[in-house]
Protein chains: 2
Amino acid sequence: MAATTFHKLRDEIENGIVTGTLAPGERLDEVQLANRFGVSRTPIREALIQLGAIGLVEIRPRRGAVVVDPGPNRIYEMFEVMAELEGMAGALAARRHAEEDRAKLLAAHEKCERSATSGDTDAYYYDNERFHNAIYEASHSGFLYDQCAALHRRLRPYRRLQLRVRNRMKVSFSEHTRIVEAILAGEAEAARDLLRSHIAVQGDRFSDLIASLSRDERKAV
Amino acid sequence: MAATTFHKLRDEIENGIVTGTLAPGERLDEVQLANRFGVSRTPIREALIQLGAIGLVEIRPRRGAVVVDPGPNRIYEMFEVMAELEGMAGALAARRHAEEDRAKLLAAHEKCERSATSGDTDAYYYDNERFHNAIYEASHSGFLYDQCAALHRRLRPYRRLQLRVRNRMKVSFSEHTRIVEAILAGEAEAARDLLRSHIAVQGDRFSDLIASLSRDERKAV
DNA sequence: CTTTCTCATCTTGTATACAAGAGCGTTGAC
DNA sequence: GTCAACGCTCTTGTATACAAGATGAGAAAG
């Protein structure tokens, strides 16, 4: 899929940011990255420019690129928007889903169930992603799909933390069940509300997490 | 603001796409563009990559860049999402607006009034943009602001066509009035619904436009 | 002792040179 | 006559070279 070097580099650097290898606020020196990946500055620059356009790095003219640090507030805002978009996708899915969407959604849901009952958070993480993708797809709006997928991707690192929270995975799954019911029953507004709060909860959880983290930090100091 | 060459080029090319100088589907030859702007291929490539990341051009590996042609369907989808995001911004604005937001919103609204009564579609176009920006701002969500502004920008060319439609400008303004009332009264859900249909109407208008255009084309052939 | 101005160095931004894949026409075989 | 394979050319992708602005240190003045 990724035919060219700069495309691969883009994914590589993006991954580094998402996984935290490249910390928020960190300076991204072109020469350093070029050496590290064994390429010239050109493809590095092109990768950074792409990431800049997506919003993952900030490119200050003639002053280099740094990993964007959204900060708790902006991350919460991102969850807020995500909640709204997911709700919209759910509502559209309820109205527009076809037979094959139904099948995919149920299949994804069942996969989630298996992971949830076996307590495998990593597996659940991926199955959950597929589940939500199935909803985006069922909305039959290519643009909405793209928007949701992009934002979902950006929120990845923060979402991942949350599955570790006590019992979150089982609660998440039971929410899924009701969401599936609403969509398949064609209850658009119910699906919207359920999905909205399903995501919003994650934003709240995130806030709690931040709060507890900063409290711990204060303790540590 | 645009300090570097490739930044200026990006705006230049983007403008060309938005205004239609560069038609959808058109091939963007790097050498050709470089000659045209009197620069080397490097900044051209960087500009194209940025536009690719935004979704304005499609970059097919080793096969060059072309201006994306969203097609009527996807444009309609974009309006759908825009409607939802604007509605969200309106709802948040109703709940969160501060004194200065109130002032800005009213100022922008009055400007629209002047343009609308004088029948100046071009002026109204810009004032309308400022009006909607004021709403995004009043939502006090930086991320939502960015998302709305970006999508608004992408829908620019299609929106522009619509003001020419008979009476649209005055109708638009009267809708604005009710929107302002709802926001300032703190009626979140009313603001959401009003804004949602305010934008959705544009999508519908666009569909009508497309329908009539393709009918005309058929006639022409 | 502090502050500001200047100069050196380092990094980014742009141009050019080189490599390699894609498209296309021609030629040869069936 | 048609189809396929080969090779040429053209475009993109990457590397390197060069230009120019930003940063920081040091010197000089207050």
Side-chain angles (χ1 to χ4, degrees), chain A residues 1-18 21-70 150, chain B residues 1-18 20-70 146 150:
Chain A
M1 189 166 183
T4 70
T5 305
F6 86 84
H7 205 264
K8 272 180 282 185
L9 286 174
R10 187 183 76 81
D11 292 347
E12 201 83 34
I13 298 174
E14 181 177 354
N15 241 330
I17 295 174
V18 160
T21 313
L22 298 167
E26 188 171 337
R27 205 157 173 316
L28 295 169
D29 187 82
E30 295 178 1
V31 178
Q32 197 176 310
L33 286 170
N35 290 336
R36 183 156 132 215
F37 289 109
V39 297
S40 79
R41 277 175 53 220
T42 310
I44 294 284
R45 276 183 66 81
E46 299 188 342
L48 288 179
I49 285 172
Q50 269 198 65
L51 294 174
I54 299 173
L56 274 175
V57 308
E58 186 189 346
I59 296 180
R60 302 163 304 174
R62 296 195 186 276
R63 297 180 58 201
V66 296
V67 179
V68 161
D69 181 7
Chain B
M1 191 164 183
T4 71
T5 304
F6 87 85
H7 205 265
K8 273 179 281 185
L9 287 173
R10 186 184 75 81
D11 292 347
E12 201 83 32
I13 298 174
E14 182 177 354
N15 240 331
I17 294 173
V18 159
T21 313
L22 298 167
E26 188 171 336
R27 208 159 169 315
L28 295 168
D29 187 83
E30 295 177 1
V31 178
Q32 197 178 310
L33 287 169
N35 290 336
R36 185 155 131 215
F37 290 108
V39 296
S40 80
R41 277 176 52 220
T42 310
I44 294 284
R45 275 184 68 81
E46 298 188 343
L48 289 179
I49 285 172
Q50 269 199 63
L51 293 174
I54 298 173
L56 274 175
V57 309
E58 187 189 346
I59 297 180
R60 301 163 304 175
R62 295 192 187 278
R63 297 180 57 200
V66 295
V67 179
V68 160
D69 181 8
D146 290 348

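Atom CG of A:L33 and atom CG of A:L9 lie 8.5 Å apart (nearest 0.5 Å). Atom-to-atom distance recorded for B:L51:CG and B:I17:CD1 is 5.5 Å, nearest 0.5 angstrom. To the nearest 0.5 Å, the span separating CD1 on A:I54 from CD1 on A:I49 amounts to 12.5 Å.
Contacts between residues 29-54 of chain A and DNA chain C, defined by a heavy-atom separation below 4.0 Å, involve A:D29, A:E30, A:R41, A:R45, listed by number.
Legend: side-chain hydrogen bond (donor to acceptor under 3.5 Å, both in side chains) pairs involving residues 49-62 of chain B, not counting sequence neighbours, sorted by first then second residue: B:R10-B:Q50. The list of salt bridge (charged side-chain N to carboxylate O under 4.0 Å, His left out) pairs with a residue in residues 41-53 of chain A, not counting sequence neighbours, reads A:E30-A:R41, A:E30-A:R45, A:R45-B:E46, A:E46-B:R45.
With a 4.5 Å cut-off on side-chain heavy atoms, A:F37 and A:I13 count as touching.
Listed by chain and number, the residues in a side-chain contact (heavy atoms from CB on, under 4.5 Å) with A:S40 are A:T42, A:P43 (sequence neighbours excluded). For A:E26, the side-chain contact (heavy atoms from CB on, under 4.5 Å) partners two or more places apart in sequence, or in a different chain, are A:L22, A:A23, A:V67. Under the side-chain contact (heavy atoms from CB on, under 4.5 Å) criterion, A:D69 pairs with A:P24, not counting sequence neighbours. The side chain to side chain donor-acceptor pair (under 3.5 Å) test applied to B:D146 returns A:R74, not counting sequence neighbours. Applying the side-chain contact (heavy atoms from CB on, under 4.5 Å) test to A:D29 and every residue at least two apart in sequence or in another chain returns A:R27, A:V31, A:Q32.
In the 5' to 3' direction, nucleotides of DNA chain D lying under 4.0 Å from heavy atoms of chain B begin and end at D:dT11 to D:dT14.
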* **Secondary-structure notation, DNA chain D, from Watson-Crick and G-U pairs under 3.5 angstrom (| other strand)** => ||||||||||||||||||||||||||||||

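Minimum heavy-atom separation, B:A65 to B:L48: CB-CD1, 4.3 Å.
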Which atoms of nucleotides 20-23 of chain C (N or O only) lie under 3.5 Å from a protein N or O atom, and what are those distances?
unit_1, atom_1, unit_2, atom_2, d
C:dG23, OP1, B:R63, NE, 2.8
C:dG23, OP1, B:R63, NH2, 3.4

